[in-house]
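Okay, so here's the structure we're looking at.
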Amino acid sequence: MPRSDRSPLLLAGLLATAGVAHFAAPRPFDAIVPDALPGKPRTWTYASGAVELALAAGLALPRTRRTAALATAAFFVGVFPANAKMAADWRHRPTPQKAAAFGRLPLQVPLVLWARGVARNAQGRS
């Protein structure tokens, strides 16, 4: 299987894993929901987990891949405030945890670019 064919499935796997984690162990996700969002953090945790599962399904299907990939790129941009909150909240933790929290911030860029690349490669393949 060529790399360009594996890439959407790997991205789908990443999103599916994260989506399942939101339901299996929601507490860490609740903690990074920005305070400015209305409602309960658990609602946002479950909603974002459901979105990740839906995006994973969309990426796995060639017919919906391009749209799902573009939505995935937007989703990665949209969750950046949660990662920023985590980094701010963890700034006084031990160095490995602090490094992981701050490392998530620049990681959003390659994730967005990956999703955009999947969308670009999916053009005209419906």
Side-chain angles (χ1 to χ4, degrees):
M1 177 182 283
R3 182 177 177 201
S4 63
D5 291 339
R6 284 192 315 262
S7 182
L9 299 180
L10 292 171
L11 185 55
L14 174 77
L15 286 163
T17 300
V20 168
H22 278 70
F23 291 96
R27 196 175 315 177
F29 298 100
D30 294 346
I32 65 171
V33 172
D35 297 331
L37 291 176
K40 296 180 181 181
R42 183 61 52 93
T43 302
W44 288 101
T45 295
Y46 287 157
S48 62
V51 168
E52 286 171 324
L53 292 170
L55 291 170
L59 288 166
L61 300 171
R63 185 173 175 173
T64 56
R65 185 167 293 152
R66 182 176 186 279
T67 301
L70 292 172
T72 297
F75 178 80
F76 287 145
V77 171
V79 298
F80 186 82
N83 292 335
K85 181 181 186 306
M86 181 180 180
D89 290 348
W90 287 27
R91 68 187 178 279
H92 300 299
R93 289 200 179 190
T95 300
Q97 290 178 343
K98 186 172 21 179
F102 279 92
R104 288 176 63 142
L105 298 176
L107 181 61
Q108 293 303 117
V109 173
L111 288 173
V112 169
L113 294 175
W114 184 9
R116 288 184 58 199
V118 168
R120 189 172 34 259
N121 289 336
Q123 271 185 322
R125 288 191 180 185
S126 353

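Quick caveat, the model's predicted, so the values are computed rather than measured. Numbers here simply count residues along the sequence, with the first being 1. Keep in mind that the numbers below use all heavy atoms, side chains included, and drop hydrogens, waters and symmetry copies.
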(request) Indicate, with yes or no, if V79 and V51 share a hydrophobic cluster defined by side-chain heavy-atom contacts under 4.5 Å among Ile, Leu, Val, Met, Phe, Trp and Tyr. (result) yes
(message) Please give me the minimum heavy-atom distance between V33 and P41, naming the atom from each residue.
(response) CG2-O, 3.8 Å
(request) Group every Ile, Leu, Val, Met, Phe, Trp and Tyr by side-chain heavy-atom contacts under 4.5 Å, then state whether L55 and V77 land in the same group. (result) yes
(request) Please name the pair of heavy atoms, one in P62 and one in A60, separated by the smallest distance, quoted to 0.1 Å. (result) CD-O, 3.5 Å
(message) Suppose clustering is done on Ile, Leu, Val, Met, Phe, Trp and Tyr with side-chain heavy atoms closer than 4.5 Å. Which residues sit in the same group as V20?
(response) F23, Y46, L53
(message) With salt bridge (Lys or Arg N to Asp or Glu O under 4.0 Å) as the rule and sequence neighbours excluded, what pairs involving residues 39-50 come up?
(response) D30-R42
(request) Spell out, as yes or no, whether a donor-acceptor pair under 3.5 Å connects the side chain of T43 to the backbone of G39. (result) no
(message) Considering only residues two or more places apart or on different chains, which pairs with a residue in residues 57-98 satisfy ring pair (Phe, Tyr, Trp, His ring centres under 6.0 Å)?
(response) none
(message) Treating R65 as the side-chain partner and L59 as the backbone partner, does any N or O pair qualify as donor plus acceptor under 3.5 Å?
(response) yes
(request) State, yes or no, whether a side-chain contact exists between E52 and T17 at a heavy-atom distance under 4.5 Å. (result) no
(message) Determine whether a donor-acceptor pair (N or O, by modelled atom type, separation under 3.5 Å) exists between the side chain of R104 and the backbone of A101.
(response) no
(request) Considering non-hydrogen atoms only, spot the tightest contact between P106 and G103 and give its length. (result) CD-O, 3.4 Å
(request) Identify the heavy atoms of V118 and A69 that sit nearest to each other, and give their distance. (result) CG1-CB, 3.7 Å
(message) Which heavy atom of T64 sits nearest to which heavy atom of G58, and what is that distance?
(response) OG1-O, 2.8 Å
(request) Indicate yes or no for a side-chain donor-acceptor contact from S48 to the backbone of T45 under 3.5 Å, with no hydrogens or angles considered. (result) yes
(request) State, to 0.1 Å, how close A16 and A56 come at their nearest heavy-atom pair, and which atoms those are. (result) N-CB, 3.7 Å
(message) Side chains of D89 and M86, heavy atoms from C-beta outward: is any pair under 4.5 Å?
(response) no
(request) Kindly say whether A73 contributes a backbone atom to a donor-acceptor pair with the side chain of W114 at under 3.5 angstrom? (result) no
(message) Does any part of the side chain of N83, heavy atoms only, come nearer than 4.5 Å to the side chain of Q108, both counted from C-beta?
(response) yes
(message) Between L14 and L111, is there a side-chain heavy-atom distance shorter than 4.5 Å?
(response) yes
